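Shown next, in structure tokens, is the structure this report addresses.
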Amino acid sequence: MSRTTLSRYLIEKQREKNLLPADLRLLIEVVARACKHIAVTIGKGGLGDALGEAGSENVQGEAQKKLDVISNDILLDANEWGGHLAAMASEEMDLPRLIPNRYPHGEYLLMFDPLDGSSNIDVNVSIGTIFSVLKCPEGADLSSETAAEAAFLQPGTAQVAAGYAIYGPTTLLVLTVGDGVASFTLDREIGSFVLTQENIQIPEDTKEFAINMSNQRHWEPPVQRYVAELLQGKEGPRGKDFNMRWVASMVADVHRILTRGGIFMYPLDAKTRDKGGKLRLMYEANPMAWLVEQAGGAASTGRQRILDLQPEKLHQRVPVILGSRNEVAVVVAYHAS
Ligand code: P6P
């Protein structure tokens, strides 16, 4: 049976549904190739010299791992010369990166978290790259990196492509261009991403929840109530027992939910309230929210649909409650009552 590579999938999407202008197809293929490069670098582990702290901090004030910086550089170097981008933005960089004048400029904006789950890098737990693509608005001011931030401040509904690579027992690329969610497995022998699942659907109900329970005393009442009911199991109001998972790599937790259902929560809490939440809107919450919705799930802050949020800052944070739609609906209802 002839296998469908990522390139063939993208070309067929273009032919059938005209969803993929040539430059967007090129962008996705370049990002996928960069993710292969990141996978190889991570796979070396202690055999390379890429583990441990970089000795620097990112814009979030978080200590950077060497692999955070290396992954960011891989994505920047791969994307700057192709002529498909107007600018890029990354969790690891305070300001957007403009395309150097020596290269042609394109109409797309690429945002990424180059290596999400950094706390897991040195302990060999699955981590990933998350990316989101927007069109650059006509007439956007790209005269400086500072001025360029405004071009990125579009709601998640404006995304034209989004996805993640997960570096685990296998390396997978999970992608949507607005026509469902497909998953590609990296064939390490020939170096191609091969289509292994398409039209991924999240079960509407679940018995599995993901949250960092150590924050329990800081949660708002609706989340306190929701989780307490899950923990009461079949003797409680939910009438069934639940299971808990928390990888502390959003990519791994979301991938599990796309694969077998579940609800992922990083809600607003007393610790993160002044920052607006823990996870970043532009390159974590928005791409994951679109993937989840494209797979029949839901993604909310608890009070509103994540994809509808009008961003005000490139690195703004947001509460995230996403996954099986019927469970997200319960949490949203508790916030409303
Ligand atoms: P905590 C990783 O640092 C991350 O941004 C997400 O990938 C993950 O879901 C979350 O933070 C883990 O946060 O507070 O449990 O370490």
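We use all heavy atoms of the structure for the numbers below, so side chains are in, but hydrogens, waters and symmetry mates are not. For clarity, every value in this text was computed on a predicted model and none was experimentally measured. Numbering of ligands and ligand atoms starts at 1, following listing order. Note that the numbering runs from 1 along the sequence shown for the chain.
Side chains of R317 and T272 form no contact here, defined as non-hydrogen atoms less than 4.5 Å apart. Within the 4.5 Å cutoff, no side-chain heavy atoms of F184 are placed close to those of V174.
Relative ring orientation between W246 and Y266 is described as tilted, the plane-to-plane angle lying within the 30° to 60° band.
A salt bridge does not link E53 to K66: none of the charged side-chain nitrogens sits closer than 4.0 Å to a carboxylate oxygen.
Counting only residues at least two apart or on different chains, the salt bridge (Lys or Arg N to Asp or Glu O under 4.0 Å) pairs with a member in residues 279-307 are E62-R280, E91-R280, E220-R303, R280-E284, E293-R305, R305-D308.
More than 12 heavy atoms of other shown residues, nucleotides or ligands fall within 6.0 angstrom of atom CZ in R256.
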Below 3.5 Å only, please: the N or O atoms of ligand 1 paired with protein N or O atoms, distance on each line.
unit_1: ligand 1; atom_1: 7 (O); unit_2: D116; atom_2: OD1; d: 3.2
unit_1: ligand 1; atom_1: 7 (O); unit_2: D116; atom_2: OD2; d: 2.6
unit_1: ligand 1; atom_1: 7 (O); unit_2: M250; atom_2: N; d: 2.7
unit_1: ligand 1; atom_1: 9 (O); unit_2: M250; atom_2: N; d: 3.4
unit_1: ligand 1; atom_1: 13 (O); unit_2: K278; atom_2: NZ; d: 3.4
unit_1: ligand 1; atom_1: 14 (O); unit_2: Y266; atom_2: OH; d: 2.6
unit_1: ligand 1; atom_1: 15 (O); unit_2: N212; atom_2: ND2; d: 2.8
unit_1: ligand 1; atom_1: 15 (O); unit_2: W246; atom_2: NE1; d: 2.9

